[in-house]
Amino acid sequence: MTDRPVRTRYAPSPTGNPHVGNIRSALFSWAFARARDGQFLLRIEDTDRNRYVEGAVEAILESLRWLGIDWDEGPDVGGPKGPYFQSQRLPLYREAAERLIEAGRAYRCFCTPERLDALRASQAAAKQPPGYDRRCRGILPEEAAARAKDEPFVVRFAMVLEGSTVLEDVIRGQVVFENALQDDFVVLKSDGYPTYHLAVVVDDTAMEVSHCIRGDEWISSAPKHIQLYEALGWQQPTWAHLPLILGPDHKKLSKRSGDTALLDYRDRGYLPEAMVNFLAFLGWSLDDHTTILGVEDLKRHFDLSRVVPNPAVFDIERLNFLNGHYIRAMDGERWVQLVAEWADRGLPASVPRPLDERVIRAAAPLLRERVTVLGEVAGLVEFLFTYDAPAYDTALLVERIGDAAVAVRVLDEALVRLDAIPEGEWSTPAVEAALRGLEEPLGMKLRKFIPVLYVAVMGRPTGIPLFDSIGILGRERTLARLRAARARLG
RNA sequence: GGCGCAUUCGUCUAGUGGCCUAGGACACCGCCCUCUCAAGGCGGAGAUCAGGGGUUCGAAUCCCCUAUGCGCUACCA
């Protein structure tokens, strides 16, 4: 079973933006294939025409690309086992269904949706486990074939009724399912499309997938797939059911719980390397101490044997930490570009474009240690791109220092000292020297009075370093802001 | 309801019978550094390993029971 060359796949259905849980499965499948020098393929499971969402396929490709996950075969690049859209592989599924019928392992079912609903309702009312009652399983093959000519039908798999089906899972070990409890599930729908169960078995076989790596929500269906493999006489892949990713509410992450689409994280300013690092450790670990791991190392060292069986809660704090880490670790020029991009994206339309690159370059290093998510960039640099300080509450000027009269003195003294710097000598060191020189006349430490100046200059008591900010801002704008602040205090 | 899975600090995890009076990381708290805020450095608190029975000289690690949580239970994946 494991002697085959490693081939794994990610097989999403195009029903929307892939969420982080799905992508984590893709990441693990991909990393496993890469670590084993195998191949990774992408297959679109578009067998449900009702749930198909326009643009979803592109969103899937984009999600993977963003994280740096590449595939050897897939809908866009093709490959020897194509096509990679299930909707284009219909004959394969029909053929398999035919074989199953002929072998007596599947049968046509003519029960109407109404009857099925009624059946479920009565089972629920009687507190019986729901499931198809196998009414059509007894229909003679010839009769079924005849009725099929003008009656709608589905094809159901005839489950083995006795004994048990055993799943050998590399993450969970052996899981035993009683056959008597299994349902005669549908393999081919009345519209001729296969259900997931049939399609996944047919395609994984045809595409020579060696390891079926998927979310734990599938483990209950595993006996269906295993029996399908047995009935068709095909070799099972190695099974690996990954632990679920839970939301803060400890429920399975889903579109409904919001905040789960992978691309939303990109749009909020998370870095792909942070996301990969974060996702990699949701259910897996390298050893007893590694927490920072690049994608290259993941590709090299990932292994299913170190995947844990228990579900993991998605902890945004940890993602934030990693994002900040990668921001600080990245190449300086890339950081400048990101700052430019996010400032441009986030600054109000009233700020003239293009943005002054010199300002961006000067501010970028100051932002590095203060940004955890790129979306914060614009708010931190806005004051550098406007003439006046951003709007602020006058009370802020006094808040930290505690006394309006003292704040007034600070502003007056600062004004005198800064005004004394000639235009040509305006620089960060000159500003710093001037402001530090205030300690003596004011009779207080720099740290004590500087919050007043922060507010006057940037509209808030915290932000990127003041001396640099004033240096970038220039003489005229700085003095204007200090005077404006002074005027506010009467 | 049935079936299945899971259960180590708040969170992600290390741990496969003695190295564990349970290690790392995030978050939290404190100190240092410091022009604010951060970042960084140092330190702290935080898990009777869900509970109860066994097995064993010895259990977080093996077995059983219970509890709790989650997943599945469609002509959706």
Side-chain angles (χ1 to χ4, degrees), chain A residues 11-15 22 45-48 50-51 109 111 113 116-117 120 123-124 126-132 152-156 167 169 172 175-178 181-183 185-191 193-197 199-200 214-223 241 243-244 246 248 250-252 278 281-292 306 308-322 324-325 328 366-372 380 400 432 435-436 445-455 458 460-469:
Chain A
S13 53
T15 54
N22 287 123
E45 308 221 327
D46 55 346
T47 56
D48 185 348
N50 301 317
R51 295 209 309 155
C109 169
C111 293
L116 262 18
D117 287 343
R120 256 191 298 277
Q123 284 166 334
K127 301 226 175 213
Q128 295 296 310
Y132 180 57
F153 66 91
V154 300
V155 176
R156 287 182 185 273
L167 163 69
D169 189 282
R172 279 151 224 288
V175 183
V176 179
F177 299 87
E178 291 304 316
L181 270 12
Q182 299 296 321
D183 206 16
F185 60 97
V186 172
V187 293
L188 213 57
K189 299 183 253 185
S190 56
D191 62 3
Y193 279 64
T195 58
Y196 169 82
H197 307 301
V200 74
R214 69 211 324 186
D216 190 47
E217 70 266 30
W218 290 108
I219 202 167
S220 301
S221 327
H241 288 89
L244 258 20
L246 273 22
H250 286 225
K251 296 267 168 58
K252 175 183 163 187
F278 175 69
F281 286 99
L282 244 34
W284 176 81
S285 62
L286 177 66
D287 50 37
D288 63 345
H289 65 277
T290 302
T291 49
I292 301 294
R306 289 192 64 87
V308 297
N310 47 303
V313 174
F314 185 100
D315 180 16
I316 191 75
E317 295 286 0
R318 195 181 195 78
L319 212 208
N320 287 338
F321 161 75
L322 289 168
H325 169 83
R328 277 165 249 133
L366 309 173
L367 289 165
R368 234 177 156 137
E369 269 123 41
R370 276 158 264 261
V371 172
T372 62
L380 286 167
R400 294 216 180 179
E432 175 164 6
L435 262 17
R436 284 193 188 282
K445 290 292 186 185
L446 183 67
R447 62 188 318 116
K448 173 76 174 153
F449 65 78
I450 208 163
V452 178
L453 303 176
Y454 266 91
V455 175
M458 49 186 89
R460 41 199 241 184
T462 65
I464 59 178
L466 186 70
F467 307 145
D468 299 270
S469 296

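The chains referred to below are lettered A, B, ... by the order of the sequence lines, with proteins before strands, and numbering in each begins at 1. Reckoned from all heavy atoms, side chains included, excluding hydrogens, waters and symmetry mates.
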Regarding [X], tell me which of base, sugar-phosphate or nothing describes its non-hydrogen contacts under 4.0 Å with the strands shown.
X        : answer
A:Arg306 : sugar-phosphate
A:Thr290 : nothing
A:Arg460 : nothing
A:Val200 : nothing
A:Val175 : sugar-phosphate
A:Pro14  : nothing

May I ask which nucleotide in the shown strands pairs with [N], Watson-Crick or G-U wobble, both distances under 3.5 Å?
N      : answer
B:rA25 : B:rU11
B:rC19 : none
B:rG71 : B:rC3
B:rC33 : none
B:rA50 : B:rU66
B:rU55 : none

Problem - A:Gln123: partners by side-chain contact (heavy atoms from CB on, under 4.5 Å), with sequence neighbours left out - result: A:Leu119, A:Arg120, A:Gln128, A:Pro130
Problem - Test salt bridge (Lys or Arg N to Asp or Glu O under 4.0 Å) applied to A:Arg214 - qualifying residues, sequence neighbours left out - result: none
Problem - Those residues that, when tested against A:Asp191, pass salt bridge (Lys or Arg N to Asp or Glu O under 4.0 Å) (two or more places apart) - result: A:Arg49
[Y] side chain reached by [X] side chain, heavy atoms, under 4.5 Å:
X        : Y        : value
A:Leu167 : A:Arg172 : no
A:Arg370 : A:Thr462 : no
A:Cys109 : A:Tyr132 : yes

Spacing of the [atom1] atoms in [M] and [N] (rounded, Å):
N      : M      : atom1 : answer
B:rC42 : B:rG4  : C1'   : 48 Å
B:rA38 : B:rC19 : P     : 41 Å
B:rU7  : B:rC29 : C1'   : 29 Å
B:rC76 : B:rU68 : C1'   : 29 Å
B:rA47 : B:rG10 : P     : 7 Å
B:rA25 : B:rG71 : P     : 32 Å
B:rC49 : B:rA59 : P     : 12 Å
B:rG52 : B:rC57 : C1'   : 23 Å

Where do N or O atoms of nucleotides 21-23 of chain B meet protein N or O atoms at under 3.5 Å, pair by pair?
residue	atom	partner	partner atom	Å
B:rG23	N2	A:Asp288	O	3.3

Give the rounded distance in Å between these two atoms: [atom1] of [X] and [atom2] of [N].
X        : N      : atom1 : atom2 : answer
A:Leu322 : B:rU13 : CG    : P     : 13 Å
A:Leu286 : B:rA25 : CG    : P     : 15 Å
A:Arg51  : B:rA74 : CZ    : P     : 14 Å
A:Asp183 : B:rU73 : CG    : P     : 11 Å
A:Asn310 : B:rG15 : CG    : P     : 12 Å
A:Asn50  : B:rC75 : CG    : P     : 13 Å
A:Leu366 : B:rA39 : CG    : C1'   : 13 Å
A:Trp284 : B:rG15 : CH2   : C1'   : 16 Å

Handout entry: Working for salt bridge (Lys or Arg N to Asp or Glu O under 4.0 Å), residues A:Asp48 and A:Arg51
Key = CA-CA 6 Å; A:Asp48 185 348; A:Arg51 295 209 309 155; 3.6 Å; yes
Can you list everything that forms a side-chain hydrogen bond (donor to acceptor under 3.5 Å, both in side chains) with [X]? Sequence neighbours excluded, please.
X        : result
A:Tyr193 : none
A:Asp169 : A:His241
A:His325 : none
A:Arg436 : A:Glu432

Exercise for the section: Keeping the roles fixed (side chain from A:Arg328, backbone from A:Glu369), state whether a donor-acceptor pair exists under 3.5 Å. Expected result: no
Handout entry: Flag, side chain of A:Thr195 to backbone of A:Val186, donor-acceptor distance under 3.5 Å
Key = yes
Completion exercise
In 5'-to-3' order, the base (B), backbone-only (S) or no-contact (-) status of each nucleotide in nucleotides 26-38 of chain B, using a 4.0 angstrom heavy-atom cut-off, is SS------BBBBB
Exercise for the section: Using a 4.0 Å cut-off on protein heavy atoms (strictly under), produce a 5'-to-3' string for nucleotides 44-52 of chain B with B for base contact, S for backbone-only sugar-phosphate contact, and - for none. Expected result: ---------
Problem - A:Glu45 side chain, from C-beta outward: closest of B:rU13, B:rC75, B:rA77 - result: B:rA77
Exercise for the section: Ignoring the backbone of A:Pro130, work out which of B:rU13, B:rA74, B:rA25 is nearest its side chain. Expected result: B:rA74
Problem - First of A:Gly283 and A:Thr47 reached from the 5' end of RNA chain B, by closest nucleotide - result: A:Gly283
Problem - Nearest-0.5 Å distance that lies between atom CG in A:Leu366 and atom CG in A:Leu466 - result: 11.0 Å
Problem - Distance in Å, A:Leu286 CG paired with A:Ile292 CD1, rounded so as to fall on 0.5 Å steps - result: 12.5 Å
[X] vs [N]: side-chain N/O to OP1/OP2 distance below 4.0 Å:
X        : N      : result
A:Lys189 : B:rA74 : no
A:Thr195 : B:rA74 : no
A:Arg328 : B:rG40 : yes

Enumerate the protein-to-nucleotides 68-72 of chain B contacts in which both atoms are nitrogen or oxygen and the separation is below 3.5 Å.
residue	atom	partner	partner atom	Å
B:rG71	OP1	A:Lys252	N	3.3
B:rG71	N2	A:Ser220	OG	3.4
B:rC72	OP1	A:Lys252	NZ	2.9

Exercise for the section: Could you pull out all residues at least two apart from A:Phe185 that satisfy ring pair (Phe, Tyr, Trp, His ring centres under 6.0 Å)? Expected result: A:Phe157, A:His197
Handout entry: Nearest heavy atoms of A:Gly463 and A:Leu380, plus distance in Å
Key = CA-CD2, 4.4 Å
